[in-house]
Amino acid sequence: MKTIRYILGAFAVTAVLGLASCVGDLDVTPIDPNMNTSDKALSTEADFTNFLAGIYAGYATSGYKGPNNDPSISGLNGGASQYVRGLYTMQELPTDESMCSWNDQTIKEFHRFNWTTSDVFIYAFYSRLCYQISMCNEFIRQANATSVSLNAKAQMIDEARTLRALSYYHGIDVFGNMPFADESMSVGAERPEQISRAALYGWLETELTDLIANGHIPSARGAEYGRVDKGVAQMILAKLYLNAEVYTGTAAWDKCATVLKAIMSEGYSLHDNYQELFLADNEQCTDEIMFAIEQDGVNTQSYGVTNYIIFASTGGEMDPASVGISSGWGGLRSTNAFVSKFASDDARRLFFEGGTNGGPVTDDGNFKAGGYPCMKFKNINSDGTAGKAAGFVDTDFPVFRYADALLMYAECALHGAATASEGLDAINQVRTRAGLANITELNSNTIIDERGRELYQECWRRSDLVRFGMFTTDTYLWDYKGGVTDGRSVDSHLNLYPIPTQDMISNDKLVQNPGY
């Protein structure tokens, strides 16, 4: 990290197999197991710092020995098993915002809605979630057990709790009924019980509410860049409430609006220049970026995160130097249905529209057959200079931005949890930054379309389309949705991903999601 560095010393990461059923079949192993055992862990201040850095690094890299060496999740190359890249596969590739033209195993099947319970990409992300949760659990367990006196100990424990909540949030959203373990389950314990989606919602609500009210993490805007604070915990809780009806059957718009109003009083603001939020020096945009996963072309290299987004979005007739990289991978592009939502003068319309790209996708396996490669993320600094290296990017991935909070608040207003004027003010702040005229009426289409234009490639689209009833239905169709040229509706069970077959076999306490 640029503050708490993703550089691990002798205490790399201790064994974190508390969720063995989630990760055992991918042969997930401790990092540097010969040097560390749990009886020697967390005996010095450096141990705490390095272990916590390892947890943060789990969101930014594939492993601890370079971009593709000894990844923590085996079975795929290090890039494809990386956390953000896995989240992108789950949240973006089945939507109008993105499709991948590669022949890598089953990657094209996501846009076609043709995944199965044994899909390797689903299993890899599921395992990565479990691995991250296990790391957090083990840190919390050992930190609570040790007698080491450390001023920042309580803060570090609550940072791990917040990061665990983030991964459990991704779990409840993508898989629904997750295997559940907390710090009370130590390494080598029995396989975890499955928790229902509604029960996990309740646990997350209690955990996050406690962190916000009583936690030792810094106040909102009080943490070093790249570390979590109460503003991050508030955003996770707001996201939970935003999707409450999907997760539990009961909406929570009033609760969501209350949390968002608290966030809106914390001093965040919209950054003046939209694209600067996605450039190589976007760590300067702390006015809007609430939490980011950091990348560095020299010190934090990955074939996932923004390196994947930028390289895979570049190819064909595009000039790689214009986005600050050495070459393009020619994989990711947006559909015509999505790009047509942008006005020509929208400052967020950051797509390549030349050569053979542009217009409807005519072949989902050919990067140059229509569609629009994105140029939102770049390895270019705000002064126009390139990032430090052309082979790996410096661009951080914004997990939470203030613009999202404003759009969420507008959605709460649509459901009566805030006044119409408050909702319009929130959404129009976002539109004004984009150079667009104010809108005068809130409706479902204005909200979902504005969220798409503002947040594309940031791993929210699938969740949003599910919440608006547009993901699997024929209410909204896009290029090659469901594997046909003009798009089609698909079965509603695909609103959730399956529990991977491999884990179902290894843990008889798990029940498969309906429809699989």
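Note that the coordinates shown come from a computational prediction; the quantities given were computed from them, not determined experimentally.
In this structure, Lys376 forms a cation-pi arrangement with Tyr456, its terminal cationic atom sitting closer than 6.0 Å to the ring centre and no more than 45° off the ring axis.
Using cut-offs of 30° and 60° for the angle between ring planes, the Tyr169 and Tyr247 rings count as perpendicular. Taking the six-membered ring for Trp and thresholds of 30 and 60 degrees, Trp102 and Trp329 have ring planes inclined between 30 and 60 degrees apart. The aromatic rings of Phe125 and Tyr83 lie perpendicular to each other, with more than 60° between the two planes, well past the 30° mark.
Residue Cys256 holds its SG atom at 9.5 Å from CG of Leu240, rounded to the nearest 0.5 Å. Distance CD1/Ile122 to OH/Tyr126: 12.0 Å, rounded to 0.5 Å. To the nearest 0.5 Å, atoms CG (Leu496) and CG (Asn177) are separated by 7.5 Å. With values rounded to the nearest 0.5 angstrom, Ile310 atom CD1 is found 7.5 Å from Phe377 atom CZ. Taken from CD in Gln194 to CD1 in Ile499, the straight-line distance is 5.5 Å, to the nearest 0.5 Å.
Although no hydrogens or angles enter the test, the distance criterion places a donor-acceptor pair under 3.5 Å between the side chain of Gln295 and the main chain of Ala60. A donor-acceptor pair is defined here as one N or O able to donate and one able to accept, closer than 3.5 Å; such a pair exists between the side chain of Tyr480 and the backbone of Thr362. Remark: side-chain polar atoms of Asn513 are paired, donor with acceptor, to backbone N or O of Tyr497 under 3.5 angstrom. Panel note: side chain Asp119, backbone Thr116; no donor-acceptor pair is recorded below 3.5 Å. When atom types are taken as modelled, the side chain of Gln82 and the backbone of Tyr59 share a donor-acceptor pair closer than 3.5 angstrom. In this structure, the side chain of Lys481 engages the main chain of Phe471 through a donor-acceptor pair within 3.5 Å. Judged purely by atom type and a 3.5 angstrom limit, Asn144 uses its side chain to pair as donor or acceptor with the backbone of Ile140. At distances below 3.5 Å, at least one donor-acceptor pair connects side-chain atoms of Asn307 with backbone N or O atoms of Val393. Distance alone, capped at 3.5 Å, is enough to place a donor-acceptor pair between the Thr146 side chain and the Leu42 backbone. Side chain of Thr395 to backbone of Lys378: a donor-acceptor contact under 3.5 angstrom is found.
Applying the salt bridge (charged side-chain N to carboxylate O under 4.0 Å, His left out) test to Lys230 and every residue at least two apart in sequence or in another chain returns nothing. For Arg112, the salt bridge (charged side-chain N to carboxylate O under 4.0 Å, His left out) partners are Glu109, Asp364, not counting sequence neighbours. Looking at residues two or more places apart in sequence or on another chain, you find no salt bridge (charged side-chain N to carboxylate O under 4.0 Å, His left out) involving Asp229. Here Pro360 pairs with Asn336, Asp479 under the side-chain contact (heavy atoms from CB on, under 4.5 Å) rule; sequence neighbours left out.
Annotation for Met318 and Met375: closest pair CE-CG, 3.8 Å, computed over non-hydrogen atoms.
Counting only residues at least two apart or in different chains, side-chain hydrogen bond (donor to acceptor under 3.5 Å, both in side chains) contacts with residues 199-210 comprise Arg161-Glu207, Arg161-Asp210, Arg164-Glu207, Glu205-Tyr241, Glu205-Lys255, Asp210-Asn214. Screening residues 460-471 for salt bridge (charged side-chain N to carboxylate O under 4.0 Å, His left out), with sequence neighbours left out, gives Asp96-Arg461, Glu97-Arg461, Asp173-Arg462, Glu411-Arg467, Arg451-Asp464, Asp464-Arg467.
Within the 4.5 Å cutoff, no side-chain heavy atoms of Ser101 are placed close to those of Asn366. The closest side-chain heavy-atom distance from Phe110 to Cys100 is not below 4.5 Å.
Ion pair Asp363/Lys368 not flagged as a salt bridge, since none of the NZ, NE, NH1 or NH2 atoms sits closer than 4.0 Å to an Asp/Glu carboxylate oxygen.
Phe175 and His170 have their aromatic ring centers separated by at least 6.0 angstrom. Taking the six-membered ring for Trp, Phe392 and Tyr303 have ring centres closer than 6.0 Å.
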